[in-house]
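Beneath this line is the structure, given in structure tokens, with notes to follow.
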2 protein chains.
Amino acid sequence: MKNNIKIERARHNLTQGDLAEKIGVSRQSINAIEKGKYVPSALLAIKIARLFKLPVEELFFLEDGE
Amino acid sequence: MKNNIKIERARHNLTQGDLAEKIGVSRQSINAIEKGKYVPSALLAIKIARLFKLPVEELFFLEDGE
DNA sequence: ACAAAAAGTAAATTATACTTTACATTTTGT
DNA sequence: ACAAAATGTAAAGTATAATTTACTTTTTGT
């Protein structure tokens with residue numbers, strides 16, 4: 001799963017730490033998700049998408065094999 | 001997290017087993033998610049929403065405290 | 001160039017998603 | 001009513017998401 005979190009953070013001028021705090025997770029979780037190290041829960045995905053006022057599908061996208 | 005999976009399954013005439021097979025998870029996982037026993041991964045959520053041609057946000061919704 | 005902030009990363013632990021097997025209950029079709 | 005299919009549920013195990021602590025590297029501002 002890829003995502004545009006980094007881009008949206010930039011648009012909103014948020015650091016990973018800021019985003020983590022707003023969403024209620026650790027900074028490392030944001031970093032790991034952002035870098036595609038693991039797939040977040042649907043809850044997290046929805047919260048982040050909502051914060052950026054984007055549909056989940058426009059923030060997270062499946063890759064070929066998924 | 002609540003969801004409308006049961007309703008959408010009905011609209012599409014799919015059993016939990018059918019859905020599980022199409023998505024690639026166990027029937028029990030579908031049952032548990034459908035009943036709100038746990039929050040699925042974003043991957044699963046997106047796959048299910050896509051199958052039903054619905055935005056994730058129209059299939060899964062956060063409740064008050066979430 | 002320098003200091004401070006932000007981002008990357010890693011190991012160890014905890015929480016939870018998901019599977020498998022197995023069985024009980026409910027629903028559906030005839 | 002009966003049988004078959006579908007759903008509900010539970011326990012034990014595996015996989016992986018998320019946390020914490022701690023340290024290194026990169027980026028940003030002055």
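Just so you know, these numbers come straight off a predicted model, no measurement behind them. Below, chain A is the first sequence line, B the second, and so on; all start at residue 1.
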Item to check | Straight-line distance of A:Ile30 CD1 to A:Ile23 CD1, nearest 0.5 Å | outcome: 6.5 Å

Next on the checklist: For B:Ala42, give me all partners under side chain to side chain contact (heavy atoms under 4.5 Å, CB included), at least two apart in sequence or on another chain.
Outcome noted: A:Met1, A:Val39, A:Pro40, A:Ala45

Checklist entry - Quick one: is C:dG8 close enough that its OP1 or OP2 comes under 4.0 Å of any side-chain N or O from A:Asn31? => result yes

Item to check | Test side chain to side chain donor-acceptor pair (under 3.5 Å) applied to B:Asn4 - qualifying residues, sequence neighbours left out | outcome: none

Item to check | Overall bend - the helix from C:dA1-D:dT30 to C:dT30-D:dA1, comparing terminal axes fitted on five pairs, nearest 10 degrees | outcome: 80°

Checklist outcome for this item: Within residues 13-22 of chain A, the residues having a heavy atom closer than 4.0 Å to DNA chain C are A:Thr15, A:Gln16

Checklist entry - What one-letter contact string describes nucleotides 12-18 of chain C from 5' to 3', where B marks a base within less than 4.0 Å of any protein heavy atom, S marks contact via sugar-phosphate atoms alone, and - marks no contact? => result -----SB

Next on the checklist: Test: salt bridge (charged side-chain N to carboxylate O under 4.0 Å, His left out). Region: residues 30-51 of chain A. Which pairs qualify, not counting sequence neighbours?
Outcome noted: A:Arg9-A:Glu34

Item to check | Donor-acceptor contact present, side-chain A:Asn3 to main-chain A:Ile33, <3.5 Å | outcome: yes

Checklist entry - Is any side-chain nitrogen or oxygen of B:Arg9 closer than 4.0 Å to OP1 or OP2 of D:dA6? => result no

Item to check | CA sep, side-chain torsions, deciding dist, call: B:Leu51, B:Leu19, side-chain contact (heavy atoms from CB on, under 4.5 Å) | outcome: CA-CA 9 Å; B:Leu51 182 71; B:Leu19 178 55; 3.3 Å; yes

Checklist outcome for this item: Applied to residues 5-60 of chain A, the ring pair (Phe, Tyr, Trp, His ring centres under 6.0 Å) test, sequence neighbours excluded, yields A:His12-A:Phe52

Item to check | Residue pairs involving residues 57-66 of chain B (criterion salt bridge (charged side-chain N to carboxylate O under 4.0 Å, His left out); sequence neighbours excluded) | outcome: none

Checklist entry - Going by number, which of residues 55-66 of chain B have a non-hydrogen atom under 4.0 Å from DNA chain C? => result none

With 3.5 Å as the limit, what N/O pairs link the protein to nucleotides 25-27 of chain C?
none

Kindly give the atom pairs (protein nitrogen or oxygen, nucleotide nitrogen or oxygen) under 3.5 Å for nucleotides 22-29 of chain D.
| from | atom 1 | to | atom 2 | distance (Å) |
| --- | --- | --- | --- | --- |
| D:dA22 | N6 | A:Gln28 | NE2 | 2.9 |

Checklist entry - How would you list all residue pairs meeting salt bridge (charged side-chain N to carboxylate O under 4.0 Å, His left out) that involve residues 10-33 of chain B, not counting sequence neighbours? => result B:Glu8-B:Arg11

Next on the checklist: Rounded to whole Å, please give me the gap between CD1 in A:Ile30 and C1' in C:dA6.
Outcome noted: 14 Å

Item to check | Closest non-hydrogen atom pair between A:Leu54 and A:Leu59, with its separation | outcome: CD1-CD1, 4.2 Å

Checklist entry - Between D:dA18 atom P and A:Glu34 atom CD, what is the distance in whole Å? => result 14 Å

Next on the checklist: With rounding to the nearest 0.5 angstrom, report the OG to CG distance, B:Ser29 to B:Leu44.
Outcome noted: 7.0 Å

Item to check | Distance, nearest 0.5 Å, that separates CG of A:Asn31 from NZ of A:Lys6 | outcome: 9.5 Å

